[in-house]
Amino acid sequence: MGINILVVDDEKEIADLIELYLKNENFNVYKFYDAQEALACIHSIKLDLAILDVMMPEIDGFEICRRIREQYHFPVIMLTAKEEEIDKITGLTLGADDYITKPFRPLEVIARVKAQIRRSTKYNHQGILQNDPIIDFSGLILEQKTRKCMLNEKQLSLTPTEFSILWFLCVNRGRVVSSEELFQEVWGEKYYSSNNTVMVHIRHLREKMNDSAENPKFIKTVWGVGYTIEK
């Protein structure tokens, strides 16, 4: 069957370039220059990942991402031609798992795609795999195999990245996990002090868990250090 990847970009040269490199890695590529056709594909093909351009006419990448997250949990990578941090934050808040700024190196896209596929299908990182694939405490239940999350008997719709963050924090309950460690564990990349990706995902997780940053029940911020979930 292989890995099915959706590519949506109204700039044909960019979409064609990404398609070429993905196919060279033996991925199945569903490429569209138009958002409407891409939305139809989302509901007809079992996708494993989507690469969405932010700036498109009529329906932009943010809206496509929002619609994906209404029903699906596969990873989403956003392509943006802008450097403004607000674009990155908007994409992450809507449920994107990663973003790449144009112009980019094609091999960087391939590396990001492979990282997201690995993270969404299994957890290979040291420290994440445990003998018990289920975490159950204080009304929160995480099932590693299905990536299902229940809170007070209500299922939460988490992206693969959000689940990975929550799982890692739960596995390390009682210990403060630094932003650097969390980023390197979940994203598998070097952390830079100006990177607020972790903060945005934590905020989004809290919103879904109806957890307060000021008086949290689960994810607590240790200022200047990182995050913890207490035992």
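A donor-acceptor contact shorter than 3.5 Å links the side chain of His73 to the backbone of Leu158. Looking only at distances, a side-chain donor or acceptor of Ser212 sits under 3.5 Å from a matching main-chain atom of Glu214. Between the side chain of Asp60 and the main chain of Met56, no donor-acceptor pair closer than 3.5 Å is present. Panel note: side chain Thr228, backbone Arg175; a donor-acceptor pair is recorded below 3.5 Å. Looking at Glu162, its side chain does come within 3.5 Å of a backbone N or O of Thr159 through a donor-acceptor pair. The closest donor-acceptor contact from the side chain of Asn4 to the backbone of Asn28 lies at 3.5 Å or more, if one exists at all. A distance-only check finds no donor-acceptor pair linking the side chain of Asp48 to the backbone of Ile5 [under 3.5 Å].
Following chains of ILVMFWY side-chain contacts shorter than 4.5 Å, one cannot reach Phe62 starting from Tyr33, and the two form parts of different hydrophobic clusters. Under a hydrophobic clustering in which Ile, Leu, Val, Met, Phe, Trp and Tyr are joined whenever their side-chain heavy atoms come within less than 4.5 Å, directly or via other members, Met199 and Ile229 fall into the same cluster. When hydrophobic clusters are built by joining Ile, Leu, Val, Met, Phe, Trp and Tyr residues whose side-chain heavy atoms come closer than 4.5 Å, directly or via intermediates, Val176 is not grouped with Leu182. Under the 4.5 Å side-chain heavy-atom criterion for ILVMFWY residues, a single connected hydrophobic cluster contains both Ile110 and Ile51. If you chain together hydrophobic residues whose side chains sit under 4.5 Å apart, Val109 and Leu20 never meet in one group.
The side-chain heavy atoms of Glu25 and Lys114, taken from C-beta on, include a pair separated by under 4.5 Å. Counting only heavy atoms from C-beta outward, the side chains of Ile117 and Ile3 approach each other to under 4.5 Å. At least one side-chain heavy atom of Ile135 sits less than 4.5 Å from a side-chain heavy atom of Phe137. In this structure the side chain of Tyr21 never reaches within 4.5 angstrom of the side chain of Phe27, judged on heavy atoms. Here the side chains of Tyr227 and Lys220 are not in contact, with every heavy-atom distance at 4.5 Å or above. When side chains are defined from C-beta on, His43 counts as touching Gln71, because their heavy atoms get closer than 4.5 Å. When side chains are defined from C-beta on, Trp187 counts as touching Thr161, because their heavy atoms get closer than 4.5 Å. Two residues are said to be in side-chain contact when any heavy atoms from C-beta on lie closer than 4.5 Å; Leu49 and Leu47 fail this criterion.
The line from CZ of Phe32 to CD1 of Ile64 is 10.5 Å long, rounded to the nearest 0.5 Å. Going from atom CD of Glu13 over to atom CD1 of Ile18 covers 12.0 Å, rounded to the nearest 0.5 Å. The line from CG of Leu52 to CD1 of Ile77 is 9.5 Å long, rounded to the nearest 0.5 Å. Ser157 OG to Glu70 CD: the interatomic distance, rounded to the nearest 0.5 Å, is 10.0 Å. A distance of 8.5 Å separates CD of Glu108 from OG1 of Thr101, quoted to the nearest 0.5 Å. Residue Arg112 holds its CZ atom at 10.5 Å from CG of Leu79, rounded to the nearest 0.5 Å.
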Pair His201, Phe183 - check ring-ring contact (aromatic ring centres under 6.0 Å, His included), show working. CA-CA 11 Å; His201 277 86; Phe183 186 85; 9.3 Å; no
Could you go through the salt bridge (Lys or Arg N to Asp or Glu O under 4.0 Å) check for Arg203 and Asp211 one step at a time? CA-CA 9 Å; Arg203 185 179 68 192; Asp211 205 15; over 6 Å; no
Before giving the answer on side chain to side chain contact (heavy atoms under 4.5 Å, CB included), spell out for Tyr99 and Val54 the whole-Å C-alpha distance, their side-chain angles and the decisive distance to 0.1 Å. CA-CA 10 Å; Tyr99 56 83; Val54 169; over 6 Å; no
For Glu230 and Arg173, what are the C-alpha separation, side-chain angles and deciding distance, and is it a salt bridge (Lys or Arg N to Asp or Glu O under 4.0 Å)? CA-CA 5 Å; Glu230 296 180 348; Arg173 285 209 315 277; over 6 Å; no
Let me see the working for Val198 and Glu180 under side chain to side chain contact (heavy atoms under 4.5 Å, CB included), right down to the final yes or no. CA-CA 9 Å; Val198 172; Glu180 292 86 346; over 6 Å; no
Test side chain to side chain contact (heavy atoms under 4.5 Å, CB included) on Thr80 and Met55 and set out the steps. CA-CA 7 Å; Thr80 174; Met55 299 298 293; 5.7 Å; no
Take Ile42 and Tyr72, measure what side chain to side chain contact (heavy atoms under 4.5 Å, CB included) needs, and give me the verdict at the end. CA-CA 9 Å; Ile42 289 167; Tyr72 306 103; 3.5 Å; yes
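With Leu156 as reference, Leu151 is the one residue of Leu166, Asn210, Leu151, Leu205 to meet the side-chain contact (heavy atoms from CB on, under 4.5 Å) rule.
Gly95 and Cys65 make their closest contact through C-SG, 4.0 Å (heavy atoms, listed as atom of the first residue, atom of the second, distance). Arg206 and Ala213 make their closest contact through NH1-CB, 3.6 Å (heavy atoms, listed as atom of the first residue, atom of the second, distance). The heavy-atom pair separating Pro75 from Gln116 by the smallest distance is CB-OE1, 3.7 Å. Across all their heavy atoms, Trp167 and Pro133 have their closest contact at CH2-O, 3.3 Å. Considering all non-hydrogen atoms of both residues, Ile14 and Lys102 come closest at CD1-NZ, 3.6 Å. The nearest pair of heavy atoms linking Cys149 to Leu140 is SG-CD1, 3.8 Å.
Taking a cutoff of 4.0 Å between a charged side-chain nitrogen and a carboxylate oxygen, Arg69 and Asp97 qualify as a salt bridge. Ion pair Glu63/Arg66 flagged as a salt bridge, since at least one NZ, NE, NH1 or NH2 atom sits closer than 4.0 Å to an Asp/Glu carboxylate oxygen. Ionic pairing of Lys31 and Glu37 is not present here: no N-O contact between side-chain nitrogen and carboxylate oxygen is shorter than 4.0 angstrom.
Around atom CD of Glu153, no more than 12 heavy atoms belonging to other residues, nucleotides or ligands sit under 6.0 Å away.
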